[in-house]
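All values below come from the heavy atoms of this structure, side chains included, with hydrogens, waters and symmetry mates left out. Below, chain A is the first sequence line, B the second, and so on; all start at residue 1.
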Amino acid sequence: MDQNLQIFNSLSRKKEDFKPINPPFVGMYLCGPTVYGDAHLGHARPAIMFDVLFRYLRHLGYKVRYVRNITDVGHLENDLDEGEDKIAKKAKLEQIEPMEVVQYYTDNYHRDMKSLNVLSPSIEPSASGHIIEQIKMIEAIIQHGMAYEVEGSVYFDVLAYDAKYKGQERYGILSGRIIEDLLNTTRELDGQEEKRNTLDFALWKKAKPEHIMRWPSPWGDGFPGWHIECSAMSGKYLGEKFDIHGGGMDLLFPHHEGEIAQSRAANGVNPAKYWMHCNMITLDGKKMGKSLGNAISLEQFFKGDHPILEQAYTPMTIRFFILQAHYRSTVDFSNEALIAAEKGFNRLMSAYEILNKIEAGTESTINLHPWIQNAYDAINDDFNTAILISYLFEACSWIHGLNEKRLSLNPTDLDTFKKYMMVFTEDILGLKNEKSANSSEEGLMDLILNLRMKVRANKDFATSDEIRDRLLELGYAIKDGKEGTGWGRI
RNA sequence: GGUAGCGUGGCCGAGCGGCUAGGCAAGGCUCUGCAAAAGCCUCUACUCCGGUUCGAAUCCGGACGCUACCUCCA
């Protein structure tokens, strides 16, 4: 916990020292997915970024409660009165129960996150399970005069809110938006006559008779608005004021701005001390997004099943690829970039494996301490995983040096080196070797390679090359080396 | 139009005033029966134009180009 962690706070647009509100406890909340479609590359980024955050805070000794929600109600297709719940729409399309859609895509999301070695959050609440909390919160906002009911729907009164907090934290504090500008530039949308102001947003929407997802409320049957779920659930599990709230940059406005306004209106406080936003993953320089139709699902990446993909990419390649860029930068997807990431990652993992076989020497020719501190400094500097990875590659070349006896470490230092390689690679970055060979395969290959070695000793290169070529056809690459012959699946 | 931000070597990507990451590709070398693999070495870039400074990719001003948000979005 004695590391000097700095986090870029979207609220102040500056890096700030991380000081938890209630050490050693840390509460963090990440806006999870709306489960109406397959998880795509864009979902992976915040999940991985918060995973590293979660892992690191735990590594530092904090007691972390990590809440990541599942949004399974309430997202309007648009802000029109005809607006229809996303889940309901999908359900109608596929002729199934809305909760069936939710279950299916939630399972998919979990499966993909698990492949990416993303740890489960401490609590994963769903919006549909917290309707009562949301209603209570809306009632509080109405009571404080910052929301109003019209025809069974409830809207947040942005101007009333702004008037109340003028001079302190106006509406727009997070996104830098200015009410007057918004009033001038907000597009004219139809069907907004219920609202007092175009900026107002729905807290509760009346459900039409044909609407299938609906809950009873003091204002009649309906469903919650988009932003209220996160406010209600974060408040319930993390308290009115917690440490870190995050999500994709596209949620900064209006979603997170709305959350701040709702929480302040209901209980007077900005819910989070630090707001973190990760940038977009782009495809040909354009944001990858479901609604833009250019999203490639994680499953498609893992299987190579998409016209744009030249090959399949393993989950760890995806994770490594994302970690190689800083979370606040956009990262542009391309086959070339992913293939580069794949090769780099394999090199890292093969060195990591060799490390286990290194034997200690009598003295140390590597000074580990600056390296360890540099690596910590990198992660402390607003999670600069790219820099941290560069130190891992420095370590790679040491490992090769140790392996070839050009370098040496005494027993204590070797243990330290191994320990920190594990800390940085596995514990913090969550990278792991995914080479999977079952034991019978292992045995068979040992047998074949031993036979080939004998043949080679007799200079029967025709046979040895035949073995090599036939194995290649079967998808196994032979790697002759000084220390014997290794192999790998292609 | 408003609000954030970006423009770095063949490609991807760090960088927050001097020490000028890292990965991939490329070239060379080592190893090797050959090949592959692997390892080692090499490769000095910051869109443009001004300014501040002893010194700028890094700060300031301007131009051009690009992106995100302002509608659902990770």
Side-chain angles (χ1 to χ4, degrees), chain A residues 10 13 15 30-34 36-37 39-50 75-80 83 86 172 175-178 180-187 189 199 226 246-255 257 277-282 285-292 295 320-321 324-326 328-334 336-345 347-348 350-351 354 374 378 381 384-394 396-397 400-401 403-404 406 456 459-461 464-465 468-469 472 477-483 485-488:
Chain A
S10 303
R13 294 196 193 85
K15 283 180 197 168
L30 176 68
C31 290
T34 304
Y36 70 111
H40 62 261
L41 196 56
H43 291 99
R45 177 115 97 147
I48 289 172
M49 166 203 157
F50 256 58
H75 266 217
L76 297 176
E77 198 59 32
N78 52 43
D79 214 359
L80 310 184
K86 268 190 177 171
S175 57
R177 279 170 171 74
I178 296 155
E180 289 74 15
D181 292 336
L182 286 170
L183 286 170
N184 292 333
T185 57
T186 302
R187 289 177 221 183
L189 295 168
L199 297 182
W226 176 30
M249 255 178 200
D250 50 356
L251 296 183
L252 200 136
F253 188 91
H255 185 59
E257 197 72 72
H277 293 93
C278 56
N279 218 318
M280 299 293 106
I281 289 181
T282 58
K286 296 268 191 297
K287 171 184 167 182
M288 187 182 282
K290 186 152 177 59
S291 52
L292 301 170
F320 185 77
F321 173 68
Q324 257 193 320
H326 186 85
R328 283 190 288 115
S329 301
T330 55
V331 60
D332 197 48
F333 156 83
S334 69
E336 221 182 344
L338 268 184
I339 289 167
E342 180 182 55
K343 290 185 180 170
F345 177 66
R347 197 162 87 80
L348 181 64
S350 78
I354 291 170
N374 285 340
D381 184 14
N384 200 325
T385 51
I387 295 286
L388 177 56
I389 286 172
S390 79
Y391 287 113
L392 257 28
F393 278 108
E394 188 179 357
C396 271
S397 80
H400 295 133
N403 196 221
E404 290 159 20
R406 282 182 285 112
R456 286 177 73 201
K459 303 227 186 278
D460 180 2
F461 297 121
S464 105
D465 287 355
R468 182 213 286 160
D469 295 343
L472 197 62
I478 298 289
K479 298 165 186 175
D480 290 326
K482 235 192 289 188
E483 311 284 325
T485 300
W487 60 277

Measuring to OP1 and OP2 of A14(B), would you say a side-chain N or O of His326(A) lies under 4.0 angstrom away?
no
Just checking Met249(A): base, sugar-phosphate only, or nothing, at a heavy-atom cut-off of under 4.0 Å?
nothing
Mate of G10(B) across any strand shown (Watson-Crick or G-U wobble, both atom pairs under 3.5 Å) is C24(B)
Measure the spacing between SG of Cys278(A) and CG of Leu30(A) and express it to the nearest 0.5 Å.
8.0 Å
For Phe393(A) and G22(B), are the ring centres under 5.5 Å apart with planes inclined under 30°?
no
Specify the residue among Gly285(A) and Gly344(A) whose closest nucleotide of RNA chain B lies further upstream toward the 5′ end.
Gly344(A)
Have a look at Asp332(A) and say if it touches a base, only the backbone sugar-phosphate, or nothing, with a 4.0 Å heavy-atom cut-off.
sugar-phosphate
What is the nucleic acid contact for Lys286(A), judged by heavy atoms within less than 4.0 Å: base, sugar-phosphate only, or nothing?
sugar-phosphate
Classify the nucleic acid contact of Ser350(A) as base, sugar-phosphate or nothing, counting any heavy atom under 4.0 Å across all strands shown.
nothing
Nearest heavy-atom pair of Gly344(A) and Phe320(A): which atoms, and what distance?
C-CE2, 4.3 Å
Give none if C43(B) has no partner; otherwise give the nucleotide forming a Watson-Crick or G-U wobble pair with it, both distances under 3.5 Å.
none
Which nucleotide, A36(B), C40(B), A21(B), lies nearest any side-chain atom of Ser390(A)?
A21(B)
Would you kindly compare Cys31(A) and Ser329(A) by the position of their nearest RNA chain B nucleotide and give the one closer to the 5′ end?
Ser329(A)
